[in-house]
Amino acid sequence: MAEVEPGLRRGAALFHGLADRNRLAIVRQLAGGERRVVDLTRALGLAQGTVSGHLACLRDCGLIVGRPEGRQMFYSLAHAELLDLLSAGEQLLALTGDAVELCPNYGSTGPDPSPTTHEEPAR
């Protein structure tokens with residue numbers, strides 16, 4: 001197998017880390033400021049274990065950070081540029097119309113693009 005260019009591998013890992021609607025919902029919540037797991041579970045209607053798993057994935061990818069305060073952890077975006085990336089994605093989606101949504105591989109009728117837990121990228 002040919003060696004994959006490091007930039008392509010890193011880019012694929014970034015988008016894989018974001019390739020889950022729950023992780024995107026968490027990022028959207030964190031765009032408004034720091035949140036605790038309990039805040040995210042209430043806002044998103046997800047189980048604590050699900051939210052914690054997604055937070056771990058986003059943290060492992062370097063997209064969010066946690067700040068301990070007493071027995072609580074407050075999560076926030078690690079880099080404001082993530083919001084620029086998501087904004088560019090929304091603009092691109094507007095330009096493609098329904099094409100992305102109807103994609104047989106990743107659209108709403110295709111398979112879920114990622115599990116709820118963090119997986120190590122293939123090397």
Partner residues of Glu5 under the salt bridge (Lys or Arg N to Asp or Glu O under 4.0 Å) criterion, sequence neighbours left out: none
Co-membership, hydrophobic cluster, residues Ile64 and Met73, 4.5 Å side-chain: yes
Separation between NE2 of His16 and SG of Cys57, rounded to the nearest 0.5 Å: 7.0 Å
Min side-chain heavy-atom separation Cys61-Leu14 under 4.5 Å: no
Set of side chain to side chain contact (heavy atoms under 4.5 Å, CB included) partners for Arg10, sequence neighbours left out: none
Student check: side-chain heavy atoms of Val37 and Gln48 closer than 4.5 Å: yes
Heavy-atom side-chain contact between Leu85 and Phe15 under 4.5 Å: yes
Remaining members of hydrophobic cluster (4.5 Å side-chain criterion), Val100: Leu93
Nearest heavy-atom neighbours spanning Leu58 and Gly17: CD2-O, 4.1 Å
Residues in side-chain hydrogen bond (donor to acceptor under 3.5 Å, both in side chains) contact with Thr96, at least two apart in sequence or another chain: none
Side chain to side chain donor-acceptor pair (under 3.5 Å) pairs, two or more places apart, involving residues 32-45: Glu34-Arg67, Arg36-Asp39, Arg36-Gln72
Nearest-0.5 Å distance, CZ of residue Arg21 to CD1 of residue Ile26: 13.0 Å
Side chain to side chain contact (heavy atoms under 4.5 Å, CB included) partners for Leu24, two or more places apart: Leu18, Leu86
Ser76 and Leu30, any side-chain heavy atoms less than 4.5 Å apart: no
Leu40 vs Leu55 side-chain heavy atoms within contact, under 4.5 Å: yes
Qualifying side chain to side chain donor-acceptor pair (under 3.5 Å) pairs with a residue from residues 79-95, counting only residues at least two apart or across chains: none
Steps toward side chain to side chain contact (heavy atoms under 4.5 Å, CB included) verdict (Thr50, Leu44): CA-CA 11 Å; Thr50 300; Leu44 301 174; over 6 Å; no
Donor-acceptor pair, side chain of Asp20 and main chain of Arg23, under 3.5 angstrom: yes
